[in-house]
Protein chains: 4
Amino acid sequence: MGVIERKEREKQKRRQDIVDAACEVLSEKGFATATVDDVSNRVELAKGTIYLYFKTKEELFMSVFIKGLDNLLDKYRETANLDLNPADMLDRLALSFYRYYKEDINYIKTAAYLLHEDIMEKIPPELSNEINHKAGMTQKVLRDVIQKGIDQGDFIDVDPRQVARILWGLSIGIAQTMVMRIHLNVPEDDVRELLVSAFNLVKRGLLRNQSGI
Amino acid sequence: MGVIERKEREKQKRRQDIVDAACEVLSEKGFATATVDDVSNRVELAKGTIYLYFKTKEELFMSVFIKGLDNLLDKYRETANLDLNPADMLDRLALSFYRYYKEDINYIKTAAYLLHEDIMEKIPPELSNEINHKAGMTQKVLRDVIQKGIDQGDFIDVDPRQVARILWGLSIGIAQTMVMRIHLNVPEDDVRELLVSAFNLVKRGLLRNQSGI
Amino acid sequence: MGVIERKEREKQKRRQDIVDAACEVLSEKGFATATVDDVSNRVELAKGTIYLYFKTKEELFMSVFIKGLDNLLDKYRETANLDLNPADMLDRLALSFYRYYKEDINYIKTAAYLLHEDIMEKIPPELSNEINHKAGMTQKVLRDVIQKGIDQGDFIDVDPRQVARILWGLSIGIAQTMVMRIHLNVPEDDVRELLVSAFNLVKRGLLRNQSGI
Amino acid sequence: MGVIERKEREKQKRRQDIVDAACEVLSEKGFATATVDDVSNRVELAKGTIYLYFKTKEELFMSVFIKGLDNLLDKYRETANLDLNPADMLDRLALSFYRYYKEDINYIKTAAYLLHEDIMEKIPPELSNEINHKAGMTQKVLRDVIQKGIDQGDFIDVDPRQVARILWGLSIGIAQTMVMRIHLNVPEDDVRELLVSAFNLVKRGLLRNQSGI
DNA sequence: CATGAATGAGCTTTCATTCAT
DNA sequence: CATGAATGAAAGCTCATTCAT
């Protein structure tokens, strides 16, 4: 009698197909240029069908963004599960973000776009709550590492929430500016090195005792 | 009899009026939603008049962005002219960016928006070069401070260009995430404190000798 | 269950409706003044619907022109199928063109208009090829008649292709100048008589032996 | 005290300059694409100045057309003044038209365009009367030749006005179709030969006695 | 559920024309 | 007379959304 479940599974699968197609389209054309037609062509469904799964274009493309957040969260948690001391963990988290940047640069490209006022106004609160929640979870991974560092006496006494927010902003900011450089046709920096250096600098700022660099 | 000069002045003033109106509109509605009509209504000029001063909507709104960069650059340079040691200078630059954030949050709101692929493609190269140049100047202020710190033996031996880029990304990233919080209707953090802490952390990472916090 | 065929038929019919409406509008207002809105109002469809069937205004109005060419070709061929000697055939072809002139004066009104440089540049090559082809078919009817006259020894030895082109230009030119007269508010000539006389004159020029008029 | 006359002369000269500029623009861009700005730039006068000499864009461009008619009339009259018998005169008139076609193809290109309903409605009656009159004068040249041929007993008894109209339509029609061929990117015929052959054919149709070709 | 034709509001952009200087 | 900045109506075209099938 798993008919209902199967139907539900199929529905979820179809929804996922649409999000995947939307993601590809979004990365190729950008939010303003991407159309629902583009997505429906890509996923080979009728345009009307898209609207059975997403109430508006905004909701559809926001789902893409949420999927991006999921990806980052996955990477962060994977790293957080490793048995490392907080200082080393920070290095690894920088690399995790870099992997995310490489794989999902499209999310970063469209993130600022999608989080704009007029778009946010058009999505239901559940969706923005979900974004909030997931962004919170991501920062929590960072926070926990900082907290552990403090607890172990490795790090100086700082507000872990605040440092998490700094590291988060730092990552986002570096990714954003690199994307800008691409759009401005400026040679891209070595983002990996930049992220690693940035986290290292902050880590050095956090460490209680330091002998030279 | 200065007629030509007066006309030129009036033209510049009118151009400025349009940019100012565009800025307000942009911050309220975002690039995709903001229309040239909105701007012409705000500035109380006919729509066609806007097109006498700006070839396209993209060019108009990009001019807003450039003005924002100018503002930040002014603030940075003002600070850079103070007679301070590099470490203290970093604190002041954090505050300068915060002042910029408070005054010109609109620019930050739309920055990532405006630097998007499809918009950049529609503006003449002169404009994107100008952006490049001005962004470069801004980072140069940061770079010079770092360099001075290294030269004076205060800071450890790092790549000043890279650190400048990190500080720039850090600032942008924190500003961006705060703007996101606003759009997500999440209580805003104390951005001032966040920026100051962030720069402090990095400064601590840069300083050669540290005793405790 | 011919659902697909029915849909296809309906689509063709709708397309035809649009072309018909465009034809009326075109004849009333001329290409530059006629708007897509005019057509959509006339055919009582939304403007966007027009663009589902025609990519541009140019393509739409060019289709009107092609339909006109089809009409003339039909009339020519109908006449060409009659069992007449070439000399008499020429008379009949003059009358066929006259019938076309009376029925489809709108096409003639806009023909030169539509074939203008800047319009031609905006239509896809398929369309201009189609026009070429159909205009060629029309002249071929004339050419064949001349050829037959030469072969039968009725007509002097001329280049049939050239004479076809002359007769074609003659017809178009007379029609055009009559349309001009209308626009200049000058009393229209008897176009029927004019066309018949013109063809007669050429026929007399072509005939090998002549006794008096 | 020729001040007034000089002023008048200067005014006429300036008017002529504008018409010349308009002619160039018209030939390069076509009526729909040509703008008053284009003309004012070309003639290096302010846009407003154009409107001191021409009430509307239509009036301006129609003046270009009239100038074209003048040119043809000049050529026709020059030829008509030669001491030739009517039959030879027809050959020469064909060549005159060909010269006009070569030199002033732009007038022919835009003629159909300009003579359209919606444009004619916007020009003052004086202007359309002028066109009428000049077109009449041109046909009169042809008519007189035919009349002379009839009077001399060379030509059969036809209505000279009608034949003039036929020759006129023939010329216009051939020119028009050749212009169309250009726009359709079809290799141009030898227009000279075509015009000469056409007039020859008609001449042969007009001549009372013919022995072979 | 799925479809895709139809909708029409809304966008950017152009340009003939005016008028204060 | 000459200017050219300002106007604003109007155009072509797009696309998110709906709904009858």
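Since we're looking at a predicted model, the values are computed, not measured. Just so we're on the same page: letters track the sequence lines, and every chain starts at 1.
- At a threshold of 4.5 Å between non-hydrogen side-chain atoms, the residues B/Phe54 and B/Val36 do not count as touching.
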Check your understanding: How does each nucleotide of nucleotides 13-21 of chain E score, in 5' to 3' order, for protein heavy atoms under 4.0 Å: base (B), sugar-phosphate only (S), or none (-)?
Key -> BBSBBB---
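- Whole-Å rounding puts the B/Arg9 CZ to F/dA5 P distance at 16 Å.
- To the nearest angstrom, C1' of F/dC1 lies 12 Å from CD of D/Glu10.
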Practice item. Quick one: do A/Glu10 and A/Arg6 satisfy salt bridge (charged side-chain N to carboxylate O under 4.0 Å, His left out)? Show the steps, please. Key: CA-CA 6 Å; A/Glu10 280 172 2; A/Arg6 202 202 61 216; 3.3 Å; yes
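- Atom CD1 in D/Ile50 sits about 9 Å away from atom P in F/dT3, given to the nearest Å.
- A salt bridge links D/Asp20 to D/Lys67: one of the charged nitrogens lies within less than 4.0 Å of a carboxylate oxygen.
- The two residues D/Ile50 and D/Val43 have their closest heavy-atom pair at CD1-CG1, 4.2 Å.
- Contact annotation: B/Arg14 reaches the phosphate of F/dA6 (side-chain N/O to OP1 or OP2, under 4.0 Å).
- Rounded to whole Å, atom P of F/dA2 lies 12 Å from atom CG of D/Asp17.
- Distance from the side chain of A/Leu45 is smallest to E/dT3 among F/dG8, F/dA5, E/dT3.
- What separates CD of B/Glu8 from P of F/dA5 is a distance of 10 Å, to the nearest Å.
- Classification of A/Asp17 and A/Lys13 as a salt-bridged pair holds, one side-chain N sitting under 4.0 Å from a carboxylate O.
- Between C/Leu45 and C/Arg14 the shortest side-chain heavy-atom distance falls below 4.5 Å.
- Other residues, nucleotides and ligands contribute only 12 or fewer heavy atoms inside 6.0 Å of the CD atom of A/Glu44.
- Between A/Lys55 and A/Tyr51 there is no side-chain heavy-atom pair separated by less than 4.5 Å.
- In this entry the distance linking CZ of B/Phe54 with P of F/dA5 reads 15 Å, nearest Å.
- An angle of 10°, rounded to 10°, separates the two end axes of the helix from E/dA2-F/dT21 to E/dT21-F/dA2, each defined over five pairs.
- Atom CD of C/Glu59 is separated from atom P of F/dC13 by 10 Å (rounded to the nearest Å).
- Taking all atoms of both residues into account, the shortest heavy-atom contact from C/Ala34 to C/Val25 is CB-CG1, 3.6 Å.
- The side chain of C/Leu52 approaches E/dT7 more closely than any other nucleotide in the set E/dT7, F/dT7, F/dA2.
- A donor-acceptor contact shorter than 3.5 Å links the side chain of B/Ser63 to the backbone of B/Glu59.
- Rounded to whole angstrom, the span from the CG atom of C/Asp38 across to the P atom of F/dA11 amounts to 7 Å.
- At least one donor-acceptor pair under 3.5 Å links the side chain of A/Asp38 to the backbone N or O of A/Thr35.
- Within a heavy-atom distance below 4.0 Å of DNA chain F, no residue of residues 18-26 of chain D is found.
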